[in-house]
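One structure below.
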Number of protein chains: 2
Amino acid sequence: MKIDSVDIAQTSSAASIICEALKKAIVEGRLKDGEPLRQDEIARMFNTSRIPVREALTMLEQQGLVATQRYKGAVVAGISPDEAAEIWDFRALVEGHVIEVAVPRMTAGTLAEAQAHLAAFAAAAGPMEWGDWNRRFHMVLYRASGLTYHLGIIEKTLDRVDRYIRAQLSLSNGLARADAEHRAILDACAAGDAGQAGALTRQHILGAKANLLANLRAD
Amino acid sequence: MKIDSVDIAQTSSAASIICEALKKAIVEGRLKDGEPLRQDEIARMFNTSRIPVREALTMLEQQGLVATQRYKGAVVAGISPDEAAEIWDFRALVEGHVIEVAVPRMTAGTLAEAQAHLAAFAAAAGPMEWGDWNRRFHMVLYRASGLTYHLGIIEKTLDRVDRYIRAQLSLSNGLARADAEHRAILDACAAGDAGQAGALTRQHILGAKANLLANLRAD
DNA sequence: ATACTGAATATCGGATACAATAATCAAGCG
DNA sequence: CGCTTGATTATTGTATCCGATATTCAGTAT
């Protein structure tokens, strides 16, 4: 076999492509809470029938990103202050644990990558990029844990709340504060102090929770 | 309005009915790991077309209960020893935390209900019932926490592994040991000792993990 | 006998068409 | 004028049909 081979496997169906596109729009906050998602309209956007659209919406509903009512359609699922408070507590619990497992397994490459994401975060120009680099920074550290199941749950949870995190980063001091805390977390990781990394991560998340709730209440 | 009104709302579509039925069969272990799920076969069973079947399968895939390959179909998703180990650690983390939150919020009714489930558990006759009452016992205690998001994650995780728990309960000493540990947990709850309840729950889960891994390795 | 080739079958992904339900709106009645 | 009632429209849920892909198996050549 002397020719170069390309993996031609179509691993992605129309449904999953549509799902990913919608998910991205929701996570980035381009689709607002409660905004209805019409099957016909989406089908026309992607030049497909409604069948794959319906499967995409089914996936998103399972992920908690949209809420569907029979014969009434799907809307972007919002989040109540109570839910928000609980989800941030959950994040502190799980992400705090995962980073403690991760620290002793981090390589020089892990730390370098996290450092690079931190620099990109500081240099980024708008809420979209801030959110992206923020998330990448944390996930690189978590991924060193090798805890696949935990990581999947974390990703799902972040998908659910990423747009609120982006909004918080945009507020006054949000960016500077996050940056300082990120550096402290990374220092603890570099020092191999798992307990400290866990404690700082929990503080980071619970501090964000307090800010978020204060702002949600302001509305 | 003087007549009795019945909620005639059809909250359940064909897809969700099929999904629940398949989920029950998988969770109870009646469908074995790797067993293929043919669309038209299932469609015939429920007297529907394949469309709602496909939506049910996408739901189950999102929940991690089936694995789908494009143009090849869906099979019941098994679990590797590594995944099992990680999932039990996750359970210890989350369920341990949730019960600590729950203890101070438990009412006399909560404890009575848990007690009743314990009795039913001891009186039950086979692996199916053991599994059901075991799960109900734990969930009643967790539910007192009021932590909706955490509870949802716990339910999803238990769906994923319930058949393995059932299998473990059927093994020698599995039942007696679980019963003794359940009583200890309930006692701690009744005494209002959240820390103790959390510690016992974690032991309960991590002990089960050790048993499970020993048995998985024996194969 | 074995390995390759190609047709036949089984199964899945998607498009079109129809049925069921909800939302809108106009007409009639008090 | 407000409320109800019925028809119209919009949207969703499901069935049927068609094209795409994978699998199986018979046939053939080496």
Side-chain angles (χ1 to χ4, degrees), chain A residues 1-3 5-23 25-26 31-32 34-77, chain B residues 1-3 5-23 25-26 31-63 65-77:
Chain A
M1 191 66 69
K2 292 199 163 54
I3 61 172
S5 72
V6 186
D7 184 5
I8 215 164
Q10 305 190 11
T11 57
S12 51
S13 62
S16 42
I17 293 172
I18 296 172
C19 175
E20 288 307 312
L22 290 177
K23 172 149 69 176
I26 294 173
L31 289 170
K32 300 303 177 191
E35 185 153 336
L37 303 170
R38 300 282 165 220
Q39 296 176 5
D40 287 344
E41 188 182 349
I42 298 170
R44 275 194 302 274
M45 286 180 184
F46 291 90
N47 284 318
T48 67
S49 77
R50 281 166 39 220
I51 301 292
V53 174
R54 289 175 55 84
E55 293 190 6
L57 291 175
T58 303
M59 296 182 202
L60 293 172
E61 174 166 40
Q62 289 296 315
Q63 298 175 19
L65 292 177
V66 313
T68 300
Q69 272 187 307
R70 188 173 161 81
Y71 291 116
K72 294 180 77 175
V75 299
V76 177
Chain B
M1 191 64 70
K2 291 200 164 53
I3 61 171
S5 70
V6 185
D7 184 4
I8 216 163
Q10 305 191 13
T11 57
S12 51
S13 63
S16 42
I17 292 173
I18 296 172
C19 175
E20 289 306 313
L22 290 177
K23 171 150 70 175
I26 294 173
L31 290 170
K32 300 304 175 189
D33 289 0
E35 185 152 336
L37 302 170
R38 300 285 164 218
Q39 294 177 4
D40 39 12
E41 183 182 353
I42 298 170
R44 275 194 303 274
M45 286 181 185
F46 290 89
N47 284 318
T48 68
S49 76
R50 281 166 38 218
I51 300 291
V53 174
R54 289 178 44 183
E55 294 191 4
L57 290 175
T58 62
M59 294 183 203
L60 293 172
E61 175 166 38
Q62 289 296 314
Q63 298 175 19
L65 291 177
V66 312
T68 300
Q69 271 187 309
R70 190 171 160 81
Y71 291 117
K72 293 181 75 177
V75 299
V76 177

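For the numbers below, each heavy atom of this structure counts, side chains included, while hydrogens, waters and symmetry mates do not. Throughout, a chain's letter reflects where its sequence line sits, starting with A, and its residues are numbered from 1. These numbers come from a predicted model, not from an experiment.
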Give the C-alpha distance, both sets of side-chain angles, the deciding distance and a yes or no for side-chain contact (heavy atoms from CB on, under 4.5 Å) between T58(A) and E61(A).
CA-CA 5 Å; T58(A) 303; E61(A) 174 166 40; 5.6 Å; no
Can E20(A) and K23(A) be said to form a salt bridge (charged side-chain N to carboxylate O under 4.0 Å, His left out), step by step?
CA-CA 5 Å; E20(A) 288 307 312; K23(A) 172 149 69 176; 3.8 Å; yes
With the threshold set at under 4.0 Å for non-hydrogen atoms, list the residues of residues 34-45 of chain A touching DNA chain D in residue-number order.
L37(A), R38(A), Q39(A)
Sorted by chain and number, sequence neighbours left out, side chain to side chain contact (heavy atoms under 4.5 Å, CB included) with A15(A) holds for S13(A), P52(A), E55(A), M59(A)
Under the side-chain hydrogen bond (donor to acceptor under 3.5 Å, both in side chains) rule, collect the residues that match up with Q39(A), sequence neighbours excluded.
R50(A)
Find the distance between CD1 (I26(B)) and CG (D33(B)) and round it off to the nearest 0.5 Å.
9.5 Å
Could you pull out the protein-nucleic contacts involving nucleotides 16-18 of chain D (nitrogen or oxygen on both sides, under 3.5 Å)?
none

First encountered from the 5' end of DNA chain D, between A74(A) and P52(B):
A74(A)
Whole-Å distance, N47(B) CG to dA15(D) P, equals 9 Å
What are the two closest heavy atoms between L57(A) and V66(A), and how far apart are they?
O-CG2, 3.8 Å
Residues S49(A) and A43(A): closest non-hydrogen pair is O-CB, 3.6 Å
Taking only the side-chain nitrogens and oxygens of R54(A), find out if one of them lies under 4.0 Å from OP1 or OP2 of dT12(D).
no
Report each atom pair, protein N/O against N/O of nucleotides 22-25 of chain C, whose distance is under 3.5 angstrom.
unit_1: dA23(C); atom_1: OP1; unit_2: K72(A); atom_2: NZ; d: 3.3

Nearest atoms (heavy-atom pairs only) where P36(A) meets V75(A):
CA-CG1, 3.9 Å
Residues in side chain to side chain contact (heavy atoms under 4.5 Å, CB included) contact with E35(A), at least two apart in sequence or another chain
L31(A), K32(A), V76(A)
What heavy-atom pair brings A67(B) and A77(B) nearest, and what distance separates the two atoms?
N-CB, 4.0 Å
